[in-house]
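Structure first, then comments.
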Amino acid sequence: MKKRSVLTSIGLTVLVLSSGIAYGQSFDLIIKNAMLLDGHGGKAVRADVGIESGKITKIGDMAADKAQQVIDANGKVVAPGFIDLHSHAERSIAELPRLDNLVQQGITTILGGNCGFSPVDFKQFFAQTERLPLGPNLALLIGHNDVRKAVMGEEQRLASADELKAMQALVDKAMQQGAFGLSTGLKYVPGVYSNFAEVKVLAETAHAQHGFFASHMRDEGAETVTAMNEVLDVAKETGIPVHISHHKLIGHPNWGESKHTIQMIRDARKAGLDVTLDQYPYTASSTRFAILFPAWSLAGGQAEVEKRLHDPELRQKIKQGLIKNIREDRGGGDPARLQIAHYAAKPAWDGLTFAEVLKREGRAQSIDEAAELAMEIQANGGAQGIFHAINEDDVKYIMAYPITAIATDAGGSELGKGNPHPRGYGTFPRVLGHYVREQGVISLPDAIRKMTSLPAARMGLTDRGVIAQGYAADIVILDPATVADKSTFSAPHQYAEGIEYVIINGQVIKSPDGMTGKSAGQILRHTL
C-alpha cells in the first residue's frame, strides 16, 4: 500500500501520494452514478466503476478520480457483459467478425461450436480468427457431428472400435487446444446415427480434460423425456457436467411437458448431478428444413438424398415421415407455421410461410402439399427455416427455473440479408423488456444473473460474468425502463432499444449513437 503524508498550509489540507500523484487516481474509463447489478442476483447498489488496461480496477465512490473518458450512467443499470452460452456465430465470423447483431444486444462473449457442429482443427481456426477484428470474445466447444464426419463421413452405422478411438483423439486434441467441452447435435446427421456408448466415451474424453457436455438432445418433441434421460445417463455414468441446449417442447401434442422435464432436472440435481440448461425466449425455433426429414433419408449427403427423392417408393416413404413431423412436431400442424428464413435457390421466398408459397403457386394449403414443398426445397439444396411450434406457457415455465441461462442459438446476421429468426437481434433485450418489465416472469437482478454469472460458472470462467475488481471489463449499460427487442419474424433486421453502451475488454463497442466500429474481442481458451 502506498504511503501517505498530509501537508497543511494556510488552513488547506492536501493529500499527497508517495508516488507523486496528487489527490485521486487516473483511469482509462470511469462509469459514474451506476445502479450496479454485479451479476450475482442481488439488488442494485449505487457505485462508480473504474477501468484501466481492459480490467475493472476500482468500484465505489470515484468522485475524486479522473479518466480519459467518463460515462454518466445516472438512472441506468450497469451489469456484466452478457455471455451467450449457445451461439453458432463462429460459422459466419470470417465474413462478419464484429458480429454487430449480437454485440448490440449486450453480448460480450459467445460460446460457439454448439449442436455438434464446430471446427475440428482448433489451432488453425483460432490462428485465422485472431487476425480478424473480432467483436465479442469467442470460446468454442468441440462438435460431435464434425468429429464423426471427419472420421467416418455421413454413413448411417455405428462406429468401429478404431473409428471411436480416432474420434476420441480428435476430441482430446481439441480440448488441449482450448475447447471448453463437447457438444452433440443428436437430431442431426451424422450424430443421429451414433449410439449412447459412442456419446458416453467421447464425453469421458472431454471430462478427462475438465470440460462439460452440451447437448442438443435426440428429440425435443414426443420423445423429449427419453432424449433427456439419455443425456442425464451420460452425466450419471461419466460424472461430466451436463448442459441441455435450447430447452423447449416442440409440437402441439407436447405442450405443457416442461413441468415434467424441469422436474427431471430438479431430481437429477438433487441426486448430485451437475445439470444446467439454456433457452431462447421465443415460440419458434430455427434450423434447416432437413430437420423435418426422417433421419435415414439424409444419410450419405445431398447427392444420396436427391437419389432417394427421385425413387418413387422411397419418395413416398420420405413423404409419410414429413407429414408426421409437420403434423405433430416442428411443423406445428399447419403450413402457416413453417416459415422460410433463407432459401438460396429462391431468395424471393425469404420470409414467406409454406402456406403463402403454396397460395402463390395455386396449390392446396395442406400438410400433404407442405410435405411436397419440403422435398422440392431439399432437392434444390435445402433452406433455413423458422418453425412456429412452441407454447408460450412452456417458454415462461422454463425461464422461471433458477438455473436456466439465456442464449440466442443464433449466428451472425448481415442487415437486410434473408429473413433470420429474430433471436439473432433481440434475445437478451426481449427477456429484459418483455419477460422482466412487462410480464414479471423473473426479476431484473435474476435475469442479469442468468445472462452473466450463471453462464460464466457453466464455462468455468473466473474473470468474466461478474463486475468485480480484477475482472475483465466486459460491461453493459442499459435503461431498464426502455430496453426492448424490435426484431420480429416478419421484419427481423432491427436493433434493440435501451442497450446504451457495450464495453468489451475496456473498449466502448456500442454507444447511444450506435456501433463505434471498434473491435476488442479475444479468443478464450479453456485451460486445465
Check [Y] with [X], please: is the shortest side-chain N to carboxylate O separation under 4.0 Å?
X: Glu220; Y: Lys187; result: no
X: Arg148; Y: Glu154; result: no
X: Arg525; Y: Glu130; result: yes
X: Asp146; Y: Lys149; result: no
X: Asp329; Y: Lys324; result: no
X: Lys55; Y: Asp474; result: no

Does the cation-pi check pass for [X] over [Y], that is, NZ or CZ under 6.0 Å from the six-membered ring centre and within 45° of its axis?
X: Arg458; Y: Phe212; value: yes
X: Arg337; Y: Phe387; value: no
X: Arg423; Y: Tyr280; value: yes

Please check: side-chain N/O of [X] versus main-chain N/O of [Y], any donor-acceptor pairing under 3.5 Å?
X: Arg308; Y: Ser297; result: yes
X: Asp84; Y: Ile107; result: no
X: Thr184; Y: Gly116; result: no
X: Gln494; Y: Lys486; result: yes
X: Ser453; Y: Gly39; result: yes
X: His493; Y: Gly418; result: yes
X: Asp233; Y: Lys236; result: no

* To do: Could you walk me through whether His88 and Phe117 pass ring-ring contact (aromatic ring centres under 6.0 Å, His included), step by step?
  => CA-CA 8 Å; His88 293 284; Phe117 299 105; 7.5 Å; no

Heavy atoms, side chains only, cut-off 4.5 Å: are [X] and [Y] in contact?
X: Leu352; Y: Gln339; value: no
X: Val476; Y: Phe82; value: yes
X: Ile93; Y: Leu134; value: yes
X: Ile142; Y: Val147; value: yes
X: Glu237; Y: Phe196; value: yes
X: Tyr435; Y: Arg430; value: yes
X: Ile83; Y: Leu111; value: no
X: Ile386; Y: Ser286; value: yes

Can you tell me how far [atom2] of [Y] sits from [atom1] of [X], rounded to the nearest 0.5 angstrom?
X: Ile250; Y: Asn254; atom1: CD1; atom2: CG; answer: 9.0 Å
X: Met175; Y: His207; atom1: CE; atom2: NE2; answer: 10.5 Å
X: Gln507; Y: Ile509; atom1: CD; atom2: CD1; answer: 6.0 Å
X: Arg157; Y: Ser194; atom1: CZ; atom2: OG; answer: 12.5 Å
X: Ile503; Y: Thr108; atom1: CD1; atom2: OG1; answer: 10.5 Å
X: Lys396; Y: Glu392; atom1: NZ; atom2: CD; answer: 5.0 Å

* Asked: Considering the options Tyr343, Phe289, Phe354, which one meets the ring-ring contact (aromatic ring centres under 6.0 Å, His included) requirement together with Trp349?
  -> Tyr343

* Asked: Would you call the rings of Tyr425 and Tyr495 parallel, tilted or perpendicular if under 30° counts as parallel and over 60° as perpendicular?
  -> tilted

* Asked: How are the rings of Phe180 and His526 set to each other: parallel, tilted or perpendicular (split at 30° and 60°)?
  -> tilted

* Go through the steps to decide whether His144 and Glu198 satisfy the test side-chain hydrogen bond (donor to acceptor under 3.5 Å, both in side chains), and finish with yes or no. => CA-CA 10 Å; His144 172 223; Glu198 178 176 322; 2.7 Å; yes

* Would you say Lys518 has more than 12 foreign heavy atoms packed within less than 6.0 Å of its NZ? -> yes

Mind listing the closest non-hydrogen atom pair of [X] and [Y] along with its distance?
X: Arg98; Y: Val103; result: O-CG2, 3.6 Å
X: Ser245; Y: Asn114; result: OG-OD1, 4.3 Å
X: Ala473; Y: Ile56; result: CA-CG1, 3.9 Å
X: Ala496; Y: Pro429; result: CB-CG, 3.4 Å
X: Ala206; Y: Leu182; result: CB-CB, 3.9 Å
X: Asn137; Y: Gln522; result: OD1-N, 2.9 Å

Pair [X], [Y]: side-chain N/O donor-acceptor within cut-off below 3.5 Å:
X: Glu376; Y: Asn380; result: no
X: Glu163; Y: Ser160; result: yes
X: Arg330; Y: Ser285; result: yes
X: Gln279; Y: His246; result: no
X: Asp172; Y: Gln168; result: no
X: His434; Y: Asp485; result: no

* Flag the pair His247 / Tyr401 as yes when their ring centroid distance falls below 6.0 Å, and as no otherwise. => no

* His243 ring center near Phe213 ring center (under 6.0 Å) -> no

* Before giving the answer on side-chain contact (heavy atoms from CB on, under 4.5 Å), spell out for Glu230 and Ser215 the whole-Å C-alpha distance, their side-chain angles and the decisive distance to 0.1 Å. => CA-CA 10 Å; Glu230 178 183 30; Ser215 183; over 6 Å; no

* Could you give me the CA-CA distance, side-chain angles and deciding distance for Ile467 and Thr452, then say whether side-chain contact (heavy atoms from CB on, under 4.5 Å) is met? => CA-CA 10 Å; Ile467 292 183; Thr452 58; over 6 Å; no

* To do: Applying side-chain contact (heavy atoms from CB on, under 4.5 Å), run through Thr408 and Gln105 and close with a yes or a no.
  => CA-CA 10 Å; Thr408 66; Gln105 296 187 42; 4.1 Å; yes

* Tyr501/Val508 under side-chain contact (heavy atoms from CB on, under 4.5 Å): CA gap, chis, key distance, verdict -> CA-CA 7 Å; Tyr501 289 89; Val508 177; 4.0 Å; yes

